[in-house]
Amino acid sequence: MANHLFDNLFGIHDGKETPFLHLPSGGIINHAEFLAMSARYARAMVKKGLKPGDRVAAQVRKSPQKLALYAACVQSGMVFLPLNTAYTIDELKYFIANSGASLIVCDSASDIMSTGVPGNANADIETLDADGGGTLSELTEGMPADFQAIDRAPDDLAALLYTSGTTGRSKGAMLTHDNLLSNALALAGEWRFTADDVLLHALPIFHTHGLFVATNIVLATGGSMIFMPGFDLDQIIDRIPKATSMMGVPTFYTRLLGDSRFTAELTSHMRLFVSGSAPLLADTHIRFEKRTGHRILERYGMTETNMNTSNPHDGERRPGTVGFPLPGVELKITDPDTGEELPRGEAGQIEVRGPNVFKGYWGMPEKTAAELQASGYFITGDIGLFDADGYLHIIGRGKDLIISGGYNIYPKEIELLLDSQEGVLESAVIGVPHPDYGETVLGIVVPEEHIRPEICKISEELKKTLASFKHPRRLIIVDRLPRNAMGKVQKNMLRDQYRGFFDST
Ligand code: MCA
Ligand code: AMP
């Protein structure tokens with residue numbers, strides 16, 4: 001056995017002094033230095049008594065050290081569990097309890113330091129700050145800068161990424177070593193990445209997009225990344241001249257288009273712009289091409305499947321579509337009622353099969369069986385169709401989901417909280433178009449009879465429990481919700497009614 005994920009992404013750079021991370025400070029971390037960091041974190045975790053298969057939960061800000069912690073988990077056979085830095089203690093409690101994580105790595109300023117580990121009193125805590133300091137890094141001091149990668153089978157777990165469910169309960173998607181490796185190699189080839197690429201990296205590294213798609217491709221091909229702490233328009237415009245490629249959510253591209261400094265001249269040397277995680281409006285694609293001469297390459301993926309389809313690097317990149325299945329990935333459109341495959345041109349549920357598809361939901365065999373069928377096809381919950389030329393169009397979602405600036409928000413989770421507030425009889429949470437975030441959250445509340453709920457108080461309550469990106473941008477009060485004959489709330493009617501709510505925001 002070997003550890004193919006580690007060997008093919010990280011180990012291949014052993015001893016190389018070529019740049020890997022260009023830092024905002026102007027410094028550079030080369031591949032050999034990065035590997036040394038990874039080896040030391042692996043040694044520190046092993047010394048603490050962690051074993052292959054143990055889950056390491058990390059709620060820390062973006063830094064080279066955090067990326068090295070991911071590499072260290074791959075190298076030592078542990079399972080990396082990155083968590084959105086916006087999650088509140090209430091949210092963390094569930095992830096930590098559900099995953100049974102043995103080690104929690106957090107910022108030294110995190111609330112966890114005062115509350116103790118939520119959800120698992122037996123878990124260990126170490127800190128890792130955005131500047132690379134903290135107790136975890138202290139543990140690595142004086143440690144040798146090498147570590148023999150632990151053998152792993154292709155279907156051993158590399159990462160656990162939580163993705164919310166339509167019932168409001170998050171599910172841990174189990175991603176294997178082969179899921180990550182096969183997808184990185186397929187994308188690197190399809191998008192023509194080479195050791196000469198310099199990727200402008202402004203995405204968070206607690207999701208598939210920034211952590212696996214962006215980072216693993218660059219690792220697989222030996223290029224480097226301009227490693228930004230987040231998306232800051234001025235800094236992006238400043239750094240573009242030094243990059244060859246960029247990956248982002250549609251909000252990145254609409255924000256760039258909103259700035260007059262973003263011109264054809266500024267981007268003339270760029271090789272590739274990739275968009276994903278949310279629908280890129282055809283209008284944005286077209287405006288981008290008019291302004292810069294570049295056609296954004298849009299692709300489609302999910303936490304459970306990594307990337308499924310992509311517009312072509314060399315052929316026509318068609319606005320409003322997500323292209324063709326990646327090499328090795330099978331995709332079909334089926335009738336949601338019968339499961340039968342539908343002919344080209346007809347809309348139905350998108351199902352995916354391939355080495356990219358996850359192993360199941362952590363500790364949830366029934367949910368796994370419901371979505372990951374015995375045939376190997378995973379039911380994505382997205383609705384789409386293939387056009388006459390074989391391009392996939394995503395035309396809707398079978399799942400009740402809002403995507404705001406690339407972050408997924410499940411209305412059920414917010415509705416449950418709203419319903420439990422004083423004076424609230426019931427609620428509906430919907431996504432409505434938003435000029436910056438693509439979609440944003442609108443909360444619609446029906447009060448109990450003769451009660452006028454206090455909107456400010458409800459907002460304050462939500463803030464205590466929910467990560468800020470999930471907060472309804474507005475809460476409104478109505479007398480009743482539209483329902484169909486079966487009594488089900490007609491969210492489509494609400495979405496139509498409030499479609500223009502944020503037009504001038
Ligand atoms: C930040 N805020 C948001 C969002 N981001 N609110 C709604 N939607 C958002 N996306 C809130 C913060 O909580 C904060 O609230 C306030 O806005 C300011 O925070 P800041 O960080 O300055 O926000 P921003 O600059 O507006 O951030 C927008 C962003 C960011 C740059 C687009 O959201 C981002 O980097 N998104 C990328 C997400 C991503 O990587 N998704 C991939 C997952 P307050 O002031 O109240 O505290 S999907 C995936 O991986 C699948 C597999 C795929 O296909 O790729
Ligand atoms: P998640 O895995 O939770 O990050 O979100 C995956 C979901 O994001 C998919 O099921 C789609 O609904 C959506 N998504 C990702 N990429 C695209 C895209 N290019 N166009 C439309 N929706 C997308």
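Computed from a predicted structure; not experimentally measured. As the structure lists them, so they are numbered: ligands from 1, and atoms in each ligand from 1.
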Identity and separation of the nearest protein heavy atom to [atom]:
| atom | answer |
| --- | --- |
| atom 3 (C) of ligand 1 | Tyr437 OH, 3.5 Å |
| atom 31 (C) of ligand 1 | Phe231 CB, 3.6 Å |
| atom 35 (O) of ligand 1 | Pro204 CD, 3.6 Å |
| atom 50 (O) of ligand 1 | His209 N, 2.9 Å |
| atom 51 (C) of ligand 1 | Ser277 OG, 4.1 Å |
| atom 15 (O) of ligand 1 | Ser468 OG, 3.7 Å |
| atom 38 (C) of ligand 1 | Tyr407 CE2, 3.4 Å |

Side chains of [X] and [Y]: donor-acceptor distance under 3.5 Å anywhere?
| X | Y | answer |
| --- | --- | --- |
| Ser99 | Arg55 | no |
| Tyr300 | Asp382 | yes |
| Ser310 | Trp191 | yes |
| Thr305 | Asn308 | yes |

Worksheet item: Just which atoms of ligand 2 are under 4.0 Å from any heavy atom in Met302?
Response: 2 (O), 6 (C), 9 (C), 10 (O)
Practice prompt. Would you mind running through ligand 2 and noting each atom that sits below 4.0 Å from a heavy atom of Ile403?
Written response: 8 (O), 13 (C)
Ligand 2 contact on [X] by region, counting heavy-atom pairs under 4.0 Å:
| X | value |
| --- | --- |
| Ser277 | backbone |
| Asn408 | side chain |
| His393 | neither |
| Glu298 | side chain |
| Thr208 | neither |

Strictly less than 4.0 Å: does any protein heavy-atom distance to [atom] fall in that range?
| atom | value |
| --- | --- |
| atom 18 (C) of ligand 1 | no |
| atom 6 (N) of ligand 1 | yes |
| atom 28 (C) of ligand 1 | yes |
| atom 9 (C) of ligand 1 | yes |
| atom 46 (O) of ligand 1 | yes |

Out of [options], whose heavy atom sits nearest [atom]?
| atom | options | answer |
| --- | --- | --- |
| atom 37 (C) of ligand 1 | Gly406, Ser404, Gly405 | Gly405 |
| atom 23 (C) of ligand 2 | Ser275, Ala173, Ala278 | Ala278 |
| atom 2 (O) of ligand 2 | Thr163, Thr303, Val249 | Thr303 |
| atom 12 (O) of ligand 2 | Ile395, Asp382, Leu401, Leu280 | Asp382 |

Worksheet item: Heavy atom of His207 under 4.0 Å from ligand 2?
Response: no
Practice prompt. Quick one: list whatever passes ring-ring contact (aromatic ring centres under 6.0 Å, His included) with Tyr361, sequence neighbours left out.
Written response: Phe358
Worksheet item: Looking at residues at least two apart in the chain, or sitting in another chain, which of them share a ring-ring contact (aromatic ring centres under 6.0 Å, His included) with His207?
Response: Tyr407
Practice prompt. Just jot down the ligand 1 atoms closer than 4.0 angstrom to any heavy atom of Thr303, in number order.
Written response: 52 (C)
Practice prompt. Can you sort out which atoms of ligand 1 are near Gly301, meaning under 4.0 Å from one of its heavy atoms?
Written response: 54 (O)
Mind checking whether [X] contacts ligand 1 via backbone (N, CA, C, O), side chain (CB onward), both or neither, at a 4.0 Å heavy-atom cut-off?
| X | answer |
| --- | --- |
| Arg255 | side chain |
| Phe252 | side chain |
| Leu203 | side chain |
| His471 | neither |
| Arg299 | side chain |

Discussion item. Name the residue from Arg473, His434, Arg474 that meets the side chain to side chain donor-acceptor pair (under 3.5 Å) definition with Thr440.
Written reply: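 Going through the options one by one, the only one that passes is Arg473.
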Worksheet item: Does a salt bridge link Glu366 with Lys171, judged by any charged N lying under 4.0 Å from a carboxylate O?
Response: no
Practice prompt. Can you measure from CG (Leu9) to CZ (Phe212) and round to the nearest 0.5 angstrom?
Written response: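 If we round to the nearest 0.5 Å, Leu9:CG and Phe212:CZ are 10.5 Å apart.
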Worksheet item: Is the Phe206-Tyr87 ring centre distance short of 6.0 angstrom?
Response: no
Worksheet item: Looking at Phe288 versus Phe273, is the centre-to-centre ring distance below 6.0 Å?
Response: yes
Discussion item. Other residues, nucleotides and ligands only: do more than 12 of their heavy atoms fall within 6.0 Å of NZ on Lys359?
Written reply: yes
Worksheet entry | Nearest heavy atoms of Cys106 and Met113, plus distance in Å |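 It is SG-SD, 3.7 Å.
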Worksheet item: Would you call the rings of Phe324 and Tyr391 parallel, tilted or perpendicular if under 30° counts as parallel and over 60° as perpendicular?
Response: tilted
